[in-house]
Amino acid sequence: MSASRTHLTVVQGDLTEQAVDAVVNAANSSLLGGGGVDGAIHRRGGPEILAGCRVLRNGHYGRGLPTGQAVATTAGRLPARWVIHTVGPVHSAGTDRGDLLASCYRESLRVAGELGARTVAFPAISTGAYGWPLADGARTAFTTVRAALAEAPDAFDEIRFVVFDDRAREVYEAALTENGG
Ligand code: APR
C-alpha cells in the first residue's frame with residue numbers, strides 16, 4: 001500500500017479561521033444552525049450559508065440531513081470555499097453508533113473530493129453537545145480518514161483536524177500517533 005501523500009495535521013484553534021478549501025460543520029439534521037461549531041460557522045460565515053442550507057431543505061433534503069450524511073454549501077465570508085455540513089450521531093452508552101460517526105468523515109471526504117477540494121478542515125464531530133468521548137471520536141476520525149486515503153492516496157493535500165482546547169489537542173495528537181501519524 002503506497003504511503004498516503006496527504007498530510008494529516010492537528011491544529012488547536014477556531015475552525016472558522018481555517019483557510020482551507022472545505023470546512024466541515026458539525027451540524028444537526030435541520031441544517032438551520034445551532035450552537036458550538038455550527039453556531040460559529042453561521043455567525044462568522046454569514047447569511048449566505050443559511051440561505052444555501054434552506055435551498056437544500058426546500059429540495060432534496062426536505063426532511064433534513066440524515067445522521068452520517070454530508071452536503072455542501074458556500075462558505076460565505078469564511079476563509080474557505082465550501083462548508084460541508086455533516087450530522088454526527090448523539091453518543092449512546094447502550095447503542096454502538098460508531099459506524100454513523102465514521103460515515104460523517106467518509107461522506108465528508110467523498111463530498112470534498114467531488115468538489116475538487118484539496119485541503120479540508122474537520123472539527124471533532126459529535127464530541128461536544130452530542131457527548132461523544134473525545135478519544136474514541138479521535139480514533140474514529142483517524143482510522144476512517146486513513147482508510148479512505150488508502151484507496152486514494154493523492155486525493156487531498158492536507159486534512160486538518162481542528163480542536164478547540166489543550167486537552168483535545170493532546171488527545172488528538174496521541175490518536176494521530178497511534179494511527180501511524
Ligand atoms: N472551532 C473548533 N472546534 C470547536 C468550535 C470552533 N469554533 N466550537 C466548538 N468546537 C468543538 C467542541 O469543543 C467539540 O469538541 O467542536 C467539537 C464539536 O462540538 P459541537 O459543536 O457541540 O458539535 P457536536 O457535538 O457534533 O453537536 C452538534 O450541537 O451545535 C449544535 O447544531 C449543532 O445540534 C448540533 C450539535
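Residue numbers run from 1 in the order of the sequence given.
Residues forming a salt bridge (charged side-chain N to carboxylate O under 4.0 Å, His left out) with Glu114 (at least two apart in sequence, or on another chain): Arg110. When the side-chain contact (heavy atoms from CB on, under 4.5 Å) test is applied to Arg118, the partners found at least two apart in sequence or on another chain are Asp21, Asp157. Among residues two or more places apart in sequence or in another chain, the side-chain contact (heavy atoms from CB on, under 4.5 Å) test is passed with Pro47 by Arg77. Scored by the ring pair (Phe, Tyr, Trp, His ring centres under 6.0 Å) test, Trp132 finds His91 as partners (sequence neighbours excluded). Under the rule for a side-chain contact (heavy atoms from CB on, under 4.5 Å), the partners of Ala168 that lie at least two apart in sequence or sit in another chain are Leu134, Val163, Asp165. Residues that satisfy the side chain to side chain donor-acceptor pair (under 3.5 Å) test with Asn58, not counting sequence neighbours, are absent from this structure. Applying the side-chain contact (heavy atoms from CB on, under 4.5 Å) criterion to Asn28, with sequence neighbours excluded, gives Ser30, Asp38, Tyr130.
For the pair Val120 and Val20, the minimum side-chain heavy-atom distance is 4.5 Å or more.
Cluster note: Leu32 groups with Leu50 through ILVMFWY side-chain heavy atoms spaced under 4.5 Å, whether in direct contact or through intervening members. Taking Ile, Leu, Val, Met, Phe, Trp and Tyr as members and joining any whose side-chain heavy atoms lie under 4.5 Å apart, directly or through other members, Phe164 forms no hydrophobic cluster with any other residue.
Here the closest non-hydrogen pair linking Val24 and Val37 is O-CG1, 4.4 Å. Nearest heavy atom pair, residue Leu109 against residue Ala148, reads CD1-CB, 4.0 Å.
Sorted by first and then second residue, the ring-ring contact (aromatic ring centres under 6.0 Å, His included) pairs involving residues 138-160 (not counting sequence neighbours) are Phe142-Phe161, Phe142-Tyr172. Among residue pairs with one or both ends in residues 30-53, none qualify as ring-ring contact (aromatic ring centres under 6.0 Å, His included); sequence neighbours excluded.
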Could you go through residues 61-75 and list every donor-acceptor pair under 3.5 Å that involves a side-chain atom there, pairing it with any protein atom two or more places apart or in another chain?
residue, atom, partner, partner atom, Å
Thr73, OG1, His85, NE2, 2.9
Thr74, OG1, Gly76, N, 3.0

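Side chain of Thr127 to backbone of Ala124: a donor-acceptor contact under 3.5 angstrom is found. A donor-acceptor pair is defined here as one N or O able to donate and one able to accept, closer than 3.5 Å; no such pair exists between the side chain of Thr16 and the backbone of Arg44. Under the 3.5 Å distance criterion, the side-chain polar atoms of Arg160 are left unmatched by any main-chain donor or acceptor of Val10.
Checked by atom type, the side-chain pair Thr9/Glu158 shows a donor-acceptor distance below 3.5 Å.
Between atom CD1 of residue Ile159 and atom OG1 of residue Thr6 there is a gap of 5.5 Å, rounded to the nearest 0.5 Å. One distance of note links CG of Asp99 with CZ of Arg97; it measures 10.5 Å at 0.5 Å rounding. Rounded to the nearest 0.5 Å, atoms OG (Ser126) and CG (Asp136) are 10.5 Å apart. The CG atom of Asn25 sits 7.5 Å away from atom SG of Cys53, with the distance rounded to the nearest 0.5 Å.
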